[in-house]
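Report on the following structure.
Atoms within a ligand are numbered from 1 in the order they appear, just like the ligands themselves. Predicted model, so just to flag it, every value in this text is computed and none were measured.
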Amino acid sequence: MNKLENKLEKIKASGQKALIPFLTAGDPDLSVTEKLMVTLAENGADVIELGIPYSDPLADGPVLQLAAGRALKAGTTTDGVLDLVKRFHNYNDTPVVLLVYFNQIYSRGIERFCREAAQAGVSALVVPDLPFEEAAELDSAAQAAGLINIRFLAPTTTDERLEKICKSARGFIYCVTVTGVTGKRTAMDPAVERLLQRAAKFTAVPLALGFGISDPGQAKIAAQSGDCVIVGSALVQKIAEANGEAKYDVAGSFIRSLKSAIEEGESHGGHQNRNCSACG
Ligand SMILES: O=P(O)(O)OC[C@@H](O)[C@@H](O)c1c[nH]c2ccccc12
């Protein structure tokens with residue numbers, strides 16, 4: 001079993017929920033990213049999603065596009081990010097998953113990329129622009145290297161595709177909550193709830209919710225339905241707005257606030273009931 005699978009399945013089996021923050025590697029530089037990773041791990045992150053900055057991040061919103069621009073301007077490369085992960089794993093065993101666009105894998109060579117990522121200690125790849133139907137080559141290279149190629153689901157995923165995606169998923173499934181607009185939720189979008197119920201019929205792999213989760217209230221609601229909560233833009237924005245050492249304080253306190261909100265969600269049984277005072 002892969003380190004990521006181990007950790008997330010233990011968390012799920014214990015009735016807890018996992019917090020997965022995202023950072024753009026190299027924003028503002030790789031040494032700050034390394035210290036931020038330690039801060040996230042020490043303040044409640046169960047897994048860290050690390051983005052390799054890319055010049056054409058088509059799936060990224062404005063906050064992450066700016067973060068990628070800053071990281072590229074700082075000279076961040078794939079080699080630099082893999083070296084960072086290797087250094088981080090010399091003293092911290094928090095699983096790291098790489099958010100990487102397919103062209104960055106393809107241009108290095110699929111086997112070589114997977115081998116080097118695994119050697120650096122990466123547990124999984126999240127490749128936003130590689131559809132499940134085109135993932136066979138990456139799946140086998142990743143598996144051969146001991147990596148997992150993470151699957152995506154959306155509320156719009158058809159039943160036929162959903163079954164195939166779920167049955168081939170490992171590690172976690174990235175369930176994007178794209179329906180509706182981001183911003184404070186009083187309850188989880190019914191379309192996302194339905195997606196989680198549909199997926200749970202075909203797999204016991206942890207279901208991670210991401211996209212637009214930007215404060216403890218939303219994280220708590222997401223944790224009542226999903227197994228893992230992914231937060232990126234809100235964290236990246238807070239860090240970008242802080243200067244110098246304040247970046248670590250801001251990141252640490254935001255992660256702690258998300259973690260305690262998620263733990264609150266666990267404590268009342270994870271049901272989503274409008275009559276329940278804790279659900280709000
Ligand atoms: O930023 P948000 O809304 O919190 O969503 C997580 C997202 O940042 C992270 O998982 C991610 C960064 N880049 C991506 C590209 C596609 C899908 C997901 C991502």
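No donor-acceptor distance shorter than 3.5 angstrom exists from the side chain of E42 to the backbone of T39, with no hydrogens or angles considered.
The side chain of P128, and not its backbone, has at least one atom closer than 4.0 Å to an atom of ligand 1 (non-hydrogen atoms only; side chain from C-beta on). When heavy-atom distances to ligand 1 are checked against a 4.0 Å cut-off, F211 comes that close through both its backbone and its side chain.
Counted by atom type alone, D129 and Y54 present zero donor-acceptor pairs between their side chains at under 3.5 Å. Under 3.5 Å, the side chains of S214 and Q218 contain a donor-acceptor pair of N or O atoms. Between the side chains of T158 and E160, no donor N or O sits under 3.5 Å from an acceptor N or O.
The closest side-chain heavy-atom distance from I20 to V229 is not below 4.5 Å.
Nearest to atom 3 (O) of ligand 1 by heavy atom, out of G51, G210, G212, is G212. Which of I230, L23, L99 comes nearest to atom 19 (C) of ligand 1 through a heavy atom is settled by distance: it is L99. Nearest residue to atom 8 (O) of ligand 1 from V127, V236, L64 is L64 (criterion: closest heavy atom). With distances taken over non-hydrogen atoms, the option nearest atom 13 (N) of ligand 1 out of L58, D60, I150 is D60.
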>> side-chain contact (heavy atoms from CB on, under 4.5 Å), that's the test. Do F211 and V231 meet it? Break it down for me.
In response: CA-CA 7 Å; F211 272 45; V231 178; over 6 Å; no
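Close N/O approach between A234 and ligand 1 is not found [any backbone or side-chain N/O within under 3.5 Å].
Less than 4.0 angstrom separates some heavy atom of V231 from each of these atoms of ligand 1: 4 (O). Short contacts between ligand 1 and Y174, defined as distances under 4.0 Å to a heavy atom of the residue, involve ligand atoms 5 (O), 6 (C), 7 (C), 9 (C), 10 (O), 18 (C).
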Hey, can you pull the donor-acceptor pairs under 3.5 Å for the side chains in residues 69-81, sequence neighbours left out?
| unit_1 | atom_1 | unit_2 | atom_2 | d |
| --- | --- | --- | --- | --- |
| R70 | NE | D27 | OD1 | 2.7 |
| R70 | NH2 | D27 | OD2 | 2.9 |
| T76 | OG1 | A71 | O | 2.7 |
| T77 | OG1 | G80 | N | 2.9 |
| D79 | OD1 | R108 | NH1 | 2.8 |
| D79 | OD1 | R108 | NH2 | 3.0 |
| D79 | OD2 | R108 | NH2 | 3.4 |

